Amino acid sequence: MRPPWWRDVALLPSVLSGVFLLAGYTFEWTGLSVPALVLQAAALIAGAYTFVPGAIRRLIRGRLGVGLLMTIAAIGAVLLGHVGEAATLAFLFSLAEALEDRAMDRAKEGLRALLSLIPDTVRVSRLTGDVTIPAADVRELDILVIGAGERVATDGVVIDGRSSLDTSAITGESIPVDVGPGDQVAAGSVNGSATLRIEATADGRDNSLTQIVTLVEQAHARKGERARLADRIARPLVPVVLIAAALVALFGLLVGDPGLWIERALVVLVAASPCALAIAVPVTVISAIGAASKFGVVIKSGEAFEQLGTIRTVALDKTGTLTRNQPTVVEVHPAPGTTRDDLLAWAAAVEASSSHPLAAAITAAAPPDSTAATGVTEDAGHGITGRVDGRTIRVGNDRWLDPGEHRHLAESMAAQGMTVVVVEADGRIAGLIGVRDELRPESAETVRMLHAQGIETIMLTGDNDRTARAIADVAGITDVRAQQLPADKAAAIEALAVSRPTAMVGDGINDAPALATATVGIAMGVRGSAAAIESADVAFTGHDLRLIPGALVHARRARRIMTANIVLALAIIVVLFPLALFGVLGLAGVVLVHEAAEVIVILNGVRAGRRPAGLRQLAAAPPVPLDARTVAIDSRG
C-alpha cells in the first residue's frame with residue numbers, strides 16, 4: 001500500500017534537497033557565503049542521488065536518457081561555479097522523478113487491490129473433517145467451506161447452502177446476487193449470512209480474478225500509438241540535444257567567449273530535454289487503465305485503451321450479449337388430439353440429453369414425471385429424434401420439420417419474436433412450442449446512450465432475419481446483419497473497420513474471429529468463452545452492457561489528456577530553446593519552468609485515474625426497465 005506523501009521514503013532525498021537548498025539561499029541572501037555553499041552542495045548531492053547513478057548505469061549499457069542530460073548540466077554548472085543553479089536543477093528534477101514514480105504506483109494500486117481480494121487461507125472439506133490450507137494450494141474439485149462474511153478463494157459451483165454474494169469488487173454491481181446449489185461463483189466474491197459449500201472449478205493460482213490481474217498487467221508491457229509517438233520523439237531528441245549543446249559550446253570557442261557560450265550550452269541542454277514528453281503518455285494510460293479495472297473494465301494494453309477512445313461504431317452480438325441467453329417456453333400450441341402436457345413431455349424426453357439452450361427451456365417446462373427417450377440421435381443444425389412410449393418423436397426447427405397446416409401459426413409466433421420448435425409424433429405434427437429469450441434490461445438503455453454519444457450501433461447474429469429484427473426493434477438498433485456465420489461476422493467487421501474505428505462486443509466462441517478483427521474487441525464477462533476473451537482487447541468482468549458507453553467516455557477523456565500532455569511537453573521545448581540559446585533565461589529560470597511543466601504533465605496525467613463518472617454511476621443505478629416485450633434466441637443451429 002502506498003504510504004501518504006509525508007511518510008513516503010522515496011520522497012525523502014527530494015525533501016532533504018529542498019530543505020538544504022532553501023537554507024542555502026537564505027544564508028546567501030544574508031551574506032554568509034561559506035555556509036550557503038555547503039548547504040547548496042548538500043542539496044545538490046541529495047537531489048543528484050536519485051538520478052545520477054541510474055544515468056551512469058544506463059550510459060555504460062549504451063543507453064542515453066533524460067537523466068544523462070540533467071547530470072551533464074549539473075556537472076557543467078558546478079564547473080562554472082553555479083552550485084546554487086546546479087542544486088536547483090537536481091532538486092526539481094529529483095522531485096519530478098519522485099512524483100512520477102508515485103503517480104505510477106498510485107495508478108497500479110487498483111491492480112494490486114484486485115489480488116488482495118483473494119484470501120490468504122481457505123477451509124477445505126476432507127474425509128477427516130475441515131482443514132485450513134493456503135488459498136494458492138486449492139485444486140480443482142476441492143470442496144471449499146465459505147462462512148458468513150468470508151471471501152471465495154477461487155471460482156466454483158455451489159453444492160450446498162443458500163446465501164447472497166457481494167460481487168461489487170469484481171463486477172462493480174452493487175446488488176448482492178442470490179446463489180444456491182448449481183450456481184457458479186467467482187473468486188473474490190464476499191459471502192453473505194449463510195455458510196456455503198463450493199466445489200472448486202479452478203485452481204487457486206489460476207481463476208477468473210487472477211486472469212483479470214494478468215490481463216491488466218499486460219497493459220504495462222505494451223504501449224499505444226501515442227505512447228510510441230512520444231517515445232519516437234523523446235528517444236532521438238536526447239542525442240540531438242547533446243549535439244546541439246556541443247555546437248553551442250564550439251561556437252563560443254570560435255568567437256572567443258567560451259565561458260558565456262558554454263554556460264548557454266548547459267542551459268540549452270536543460271531547455272531541450274524531453275523530460276515531460278517521456279512521461280506524458282505512460283502516466284495517463286496507466287492511471288486510466290487502473291481506474292477502469294476497479295469498475296470491471298479490464299483493458300489488455302495501452303494500445304487498446306487509446307483505440308477505445310476513437311470508436312465510432314459498436315457492433316453487438318445478439319445471444320448472450322444483448323439477450324440473457326436464458327430461454328423459456330412462453331407458448332405451447334398442441335395439435336388436435338394432443339394435450340399440452342403430452343406435447344411438452346415428448347419434446348422434453350428427446351431433448352433431455354441435448355446441450356442446446358432450447359433443450360434446457362423445454363425440459364424445464366415439461367411435467368416432472370416425463371418418460372425418458374431411447375435411441376436418441378441429433379441432426380446438428382436441425383433437430384433431434386428419439387423413441388418415447390413406442391412413438392417416434394422428432395423435435396426441430398421449421399426448416400427441418402414442415403409445420404404444414406400450422407404454418408400460419410408458426411409465422412405468427414415468429415413475428416412476435418419467438419423461436420418456433422416443431423414437434424412431430426409418428427410422422428404427424430403434434431404441435432408447436434414457442435421459446436423466447438428476454439432482452440437484458442439495460443440493452444435498450446445502452447443503445448440509447450451510445451446513440452447519444454454519436455456512436456452507430458449494428459447487430460450481428462447467426463439467427464434468421466425476422467427474429468433478429470424483432471430483438472433489434474426492442475433494443476433500438478436499425479442496422480441488422482442476420483444469418484451470419486463466424487467468418488461472415490469477421491468479414492463484416494473488417495469492412496466496417498476500414499472506414500471507421502469499430503468495436504465488436506460478444507461472448508461466444510463464434511464471436512472470436514470478429515473480436516480479433518475489430519479495432520477493439522470487447523468480451524462480455526471474463527468467465528465467458530475462453531476463445532472470446534483471448535481474442536478480445538477489452539474484457540468486462542460483469543455483464544452490464546452500460547459499461548460499454550461508460551468505458552468509451554472514459555477512454556475519450558483520457559485520450560484528450562494524453563494529447564494535452566504531448567502538446568504541452570513539445571511547447572515547452574519549442575519556447576525554451578530559443579530563450580536559452582539567446583540568453584533570455586538563465587539556468588535557474590529554465591530549470592524552474594521546465595520542471596514545473598513536468599509536474600503539471602504528471603498531475604494532468606493522474607487526472608485520468610479519477611473514478612470514471614459514467615462507470616461509477618452504474619454501480620448504484622439499476623437498469624431502466626424494459627416494457628413487456630421480449631425477443632427470441634437463435635433458432636437451432
Side-chain angles (χ1 to χ4, degrees), residues 104 107-108 110-111 114 172 211-231 280-317 321 450 453 455 490 493-494 496-498 500-507 511-526 528-542 545 547-563 566 605 608-609 612 614-615:
M104 292 292 189
K108 295 175 183 177
L111 310 185
L114 286 175
Q211 288 172 16
I212 293 172
V213 176
T214 299
L215 291 177
V216 178
E217 285 178 339
Q218 291 176 9
H220 299 166
R222 297 173 56 194
K223 294 184 179 180
E225 179 181 350
R226 294 186 175 210
R228 290 196 299 270
L229 172 63
D231 285 347
V281 172
V283 170
T284 307
V285 170
I286 293 179
S287 295
I289 289 177
S293 70
K294 298 177 183 178
F295 290 87
V297 180
V298 181
I299 302 169
K300 290 186 178 182
S301 70
E303 180 179 6
F305 182 73
E306 293 172 34
Q307 290 176 335
L308 192 63
T310 70
I311 295 302
R312 305 309 307 164
T313 299
V314 173
L316 300 109
D317 173 50
T321 300
L450 290 171
Q453 296 178 21
I455 294 175
I493 292 295
E494 184 176 10
L496 289 168
V498 169
R500 53 194 182 275
T502 301
M504 172 66 192
V505 185
D507 72 333
D511 298 320
L515 291 169
T517 304
T519 307
V520 176
I522 301 175
M524 291 299 299
V526 296
S529 160
I533 295 169
E534 184 65 26
S535 302
D537 304 295
V538 179
F540 292 162
T541 63
L545 288 174
L547 288 169
I548 299 171
L552 293 178
V553 169
H554 179 54
R556 283 199 295 273
R557 175 175 176 269
R559 189 176 174 86
R560 289 194 297 270
I561 292 174
M562 291 179 213
T563 300
I566 292 175
L615 297 178

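Since the model is a prediction, treat every value here as computed from it, not as a measurement.
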Q. What's the shortest heavy-atom distance between Ile561 and Gly605, and which atoms?
A. CG2-CA, 4.1 Å
Q) If you round to the nearest 0.5 Å, how far is CE of Met504 from CG of Leu316? A) 7.5 Å
Q. Are any non-hydrogen side-chain atoms of Val538 and Val298 less than 4.5 angstrom apart?
A. no
(Q) Suppose we screen for side chain to side chain contact (heavy atoms under 4.5 Å, CB included). Which residues come up paired with Glu494, at least two apart in sequence or across chains? (A) Thr517
Q) Hey, what do you get for CG (Leu450) to CZ (Arg312), rounding to the nearest 0.5 Å? A) 10.5 Å
Q. Do you know the tightest heavy-atom contact between Ala292 and Ile299?
A. CB-CD1, 4.2 Å
Q: Taking all heavy atoms of Ile311 and all of Ala503, pick out the closest pair and write down the distance.
A: CD1-N, 3.8 Å
Q.
I want to check something: taking the side chain as every heavy atom from C-beta on, are Leu515 and Val505 in contact at a cut-off of under 4.5 Å?
A. no
Q) Can you tell me how far the CZ atom of Arg560 sits from the OG1 atom of Thr284, to the nearest 0.5 Å? A) 12.5 Å
Q | From Ile548 atom CD1 to Gln453 atom CD, the distance as rounded to the nearest 0.5 Å | A | 10.5 Å
Q: Identify the heavy atoms of Arg556 and Gly309 that sit nearest to each other, and give their distance.
A: CG-O, 3.1 Å
Q: Could you pull out the closest heavy-atom pair between Ala558 and Ala288, with the gap in Å?
A: CB-CB, 3.9 Å
Q. Rounded to the nearest 0.5 Å, how far does CZ of Phe540 lie from CG of Leu545?
A. 8.5 Å
Q: Would you check if the side chain of Thr310 reaches a backbone N or O of Gln307 as a donor-acceptor pair within less than 3.5 Å?
A: yes
Q | Reported CZ-to-CD distance for the pair Arg559 and Glu306, which is rounded to 0.5 angstrom | A | 6.5 Å
(Q) Looking at Gly521, is its backbone amide N or carbonyl O close enough to the side chain of Asp537 to form a donor-acceptor pair, meaning the two atoms are under 3.5 Å apart? (A) yes
Q: Can you see which heavy atom on Ala551 is nearest to which on Leu308, and at what distance?
A: O-CD2, 4.0 Å
Q) Are the side chain of Thr519 and the backbone N or O of Thr502 linked by a donor-acceptor pair below 3.5 Å? A) yes
Q.
Suppose we screen for side-chain hydrogen bond (donor to acceptor under 3.5 Å, both in side chains). Which residues come up paired with Arg500, at least two apart in sequence or across chains?
A. Thr313, Glu456
